[in-house]
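Only this structure's heavy atoms are used, side chains among them; waters, hydrogens and symmetry mates stay out.
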Protein chains: 2
Amino acid sequence: MLTHAAEDYLKSIYKLQEKGGKVSTGILAEYLDVKPASATGMIKKLKTMKLVRYERYRGVTLTAAGKTVALEIIRHHRLLELYLFKALGVPWDGVHEEAEKLEHVISEDVEARMDEFLGYPTADPHGAPIPDKNGVVIQTDSVPMTELQDGQSCVVAEVSDSDSALLRHIGSFNLYPGTAFRVVEVAPFEGPFTIDIAGQEVVIGREVAKHIFVDKVEDPDNV
Amino acid sequence: MLTHAAEDYLKSIYKLQEKGGKVSTGILAEYLDVKPASATGMIKKLKTMKLVRYERYRGVTLTAAGKTVALEIIRHHRLLELYLFKALGVPWDGVHEEAEKLEHVISEDVEARMDEFLGYPTADPHGAPIPDKNGVVIQTDSVPMTELQDGQSCVVAEVSDSDSALLRHIGSFNLYPGTAFRVVEVAPFEGPFTIDIAGQEVVIGREVAKHIFVDKVEDPDNV
DNA sequence: AAATAAATTTAGGCATAACTAAATTATATC
DNA sequence: GATATAATTTAGTTATGCCTAAATTTATTT
Ligand SMILES: [Mn+2]
Ligand SMILES: [Mn+2]
Ligand SMILES: [Mn+2]
Ligand SMILES: [Mn+2]
């Protein structure tokens, strides 16, 4: 069996690979809040287990086996987040931290039972896709809110999940995944966004908007 | 924070203290399936943390602080067992293993939410008492089934929880906590018990009976 | 083509938690 | 009271996963 640390490294490599592309030792170390030397050590261990491809100074890539493990852990994490949210009422800014510990510890049986309880869901409370039990992930084409223009209507697709305070802030505007809104005005010179949510106008700063991803929709008023 | 291993040692010392009385290094090591030398090492560490009293060759005892930790972990374990059983339908012979890992990892918040969901329960699926959030445990005076005489009526109070195969076997007779039965016959020379459960007669061997604890009740037929 | 800066690796340590083997202490027996 | 047996402790080893500091390699300037 893999250690918790090894699972966290694989999960992180997967996520960085998705976002950026090349995953360097330094990037990985920063992401995991360890020193680069520690990352080198683990990477070598993962290589002997054939979970990553690696050549020194060249960065890491997951092998098929490594990707399978990474997706398995991500599946645990996101199912747990949704389960804690829906079944136990844990607030959406608390589920991430909790799931971070539980993801390494639940059995396949409990995973399957949560999945069934939740009706085989495809997204966690922050809108991130939950890989299915075969590791298949639904790809979305959502865009950062910062790319929106005046008058654009859209629906919140996903929100960054690791900063608890930011989540509470976003939650205070009701900007949960699935919530629809329309951009009323984008202030010039990198200014804030004024948006209309169910008739209420609120102002969202750029720093917050960066962490909100949306799906564009045709404005119903313009049909 | 305490390590998982330290928590397991404290929990085990508590349980052995309850059962037997004096907890020796050897007994503790056997219970935890480690070598006596390993137990000595951990005991010393726990002593520096003032969680146990200890003098070499004299056995260990929990301090008040140590007992608090032990009860906290036992509370997690038993709440988790009941939660997995009732909320997710995990079979009663599977909950122990699962809870053994989760008990070290759940937050106080999740503990409180499970407690509320379950309606502040006082016993786990095997009948073991769940300490309340202040560490108060309800004491029971149940007796091993092996002490019963012919004709005695009783209710199952508790069943040993660590052997999964034994639990499945006991479950096949419906001998869950709360189930009433009457002893029809105790075969001589350390023989098996014939009992009547809701009109069905079944035969229970002594080895199994040792692991079933009951509360005696007056036989309704004899009132 | 050097020199400098940045990234990465190697080397050496530390803490935890297990192990084995040998030494010590306690208990039981004659 | 000496001796054998059993229990326990000490000492030394291993593995994981982290650290710091120094050495090495790669990338960027001049
Ligand atoms: Mn799984
Ligand atoms: Mn999430
Ligand atoms: Mn607790
Ligand atoms: Mn139990």
Side-chain angles (χ1 to χ4, degrees), chain A residues 1-14 16-17 19-62 66 69-70 73 100-101 103-105, chain B residues 1-17 19-62 66 69-70 73 100-105:
Chain A
M1 267 303 289
L2 287 170
T3 61
H4 293 190
E7 289 180 346
D8 278 336
Y9 273 89
L10 291 169
K11 189 177 70 161
S12 303
I13 294 166
Y14 177 86
L16 291 169
Q17 214 167 256
K19 287 215 176 93
K22 207 185 93 178
V23 180
S24 69
T25 303
I27 293 282
L28 180 59
E30 192 196 358
Y31 188 79
L32 281 163
D33 200 23
V34 298
K35 301 297 164 186
S38 305
T40 301
M42 180 60 85
I43 288 167
K44 284 178 163 180
K45 223 169 296 171
L46 294 173
K47 190 184 179 179
T48 69
M49 293 187 263
K50 303 202 172 172
L51 295 167
V52 300
R53 276 177 290 273
Y54 171 65
E55 298 206 54
R56 51 212 240 297
Y57 298 99
R58 287 280 116 90
V60 240
T61 334
L62 294 176
V69 175
I73 302 302
E100 205 59 41
K101 297 172 297 178
E103 64 189 12
H104 306 292
V105 149
Chain B
M1 267 301 290
L2 289 169
T3 61
H4 294 189
E7 290 180 346
D8 278 336
Y9 272 91
L10 291 169
K11 189 177 71 161
S12 303
I13 294 166
Y14 177 86
K15 287 190 175 180
L16 292 168
Q17 213 166 256
K19 287 215 176 93
K22 207 185 92 179
V23 180
S24 68
T25 304
I27 294 282
L28 181 58
E30 192 195 358
Y31 188 79
L32 281 163
D33 200 23
V34 297
K35 302 297 164 186
S38 304
T40 301
M42 180 60 86
I43 288 167
K44 285 178 163 179
K45 224 168 296 171
L46 294 173
K47 189 184 180 179
T48 70
M49 293 188 262
K50 304 204 171 171
L51 295 168
V52 299
R53 277 177 290 273
Y54 169 65
E55 298 206 55
R56 49 213 240 299
Y57 297 100
R58 286 280 115 89
V60 239
T61 334
L62 294 176
V69 175
I73 303 301
E100 204 58 42
K101 296 172 298 177
L102 290 163
E103 64 189 10
H104 306 292
V105 148

B:Tyr14 side, atom OH; B:Leu62 side, atom CG - distance, nearest 0.5 Å = 9.0 Å
Whole angstrom value for the distance that separates P of C:dC19 from CG of B:Asp33 = 8 Å
Can you see which heavy atom on B:Met42 is nearest to which on B:Ala6, and at what distance?
-> CE-N, 3.7 Å
Extract from the structure each pairing of a protein N or O with an N or O of nucleotides 20-25 of chain D at less than 3.5 Å, listing the distance.
residue: D:dT24; atom: O2; partner: A:Tyr57; partner atom: OH; Å: 3.3
residue: D:dT25; atom: O4'; partner: A:Tyr57; partner atom: OH; Å: 3.2

Euclidean distance, B:Thr40 OG1 relative to B:Arg56 CZ, rounded to 0.5 Å = 11.0 Å
Can a side chain N or O of B:Lys45 be found less than 4.0 Å away from OP1 or OP2 on C:dA17?
-> yes
When you check the phosphate oxygens OP1 and OP2 of D:dA7, does a side-chain N or O of B:Ser24 lie under 4.0 Å from one of them?
-> no
From the candidates D:dC19, C:dA18, C:dT10, the one with an atom nearest any side-chain atom of A:Thr40 is C:dT10
Options D:dT10, C:dA18, C:dT10, nucleotide nearest the side-chain atoms of B:Lys44 = D:dT10
Would you say B:Tyr9 reaches C:dT16's phosphate, i.e. side-chain N/O to OP1/OP2 under 4.0 Å?
-> no
Protein-nucleotide distance (B:Glu7, atom CD; C:dT16, atom P), rounded to Å = 15 Å
What is the distance from atom OG of A:Ser12 to atom CD of A:Glu30, rounded to the nearest 0.5 Å?
-> 12.0 Å
Atom CG of A:Leu46 and atom C1' of D:dG17: how far apart are they, to the nearest Å?
-> 12 Å
Donor-acceptor under 3.5 Å (B:Arg53 side chain, B:Val60 main chain) | no
Counting only side-chain N and O atoms of A:Thr3, is one of them less than 4.0 Å from OP1 or OP2 of D:dG17?
-> yes
Rounded off to whole Å, could you give me the CD1-to-P distance for the B:Ile27 and D:dT8 pair?
-> 8 Å
Starting at CD1 of A:Ile13, measure out to CG of A:Asp8 and round the result to the nearest 0.5 Å.
-> 11.0 Å
Can you check whether B:Ile73's main-chain N or O pairs, donor with acceptor, with B:Glu7's side chain at less than 3.5 Å?
-> no
Nearest-Å distance for atom pair NE2/P, residues B:His4 and C:dA18 = 12 Å
First of A:Ala5 and B:Gly59 reached from the 5' end of DNA chain D, by closest nucleotide | B:Gly59
Nearest-nucleotide 5' precedence on DNA chain C, B:Val34 against B:Lys22 = B:Val34
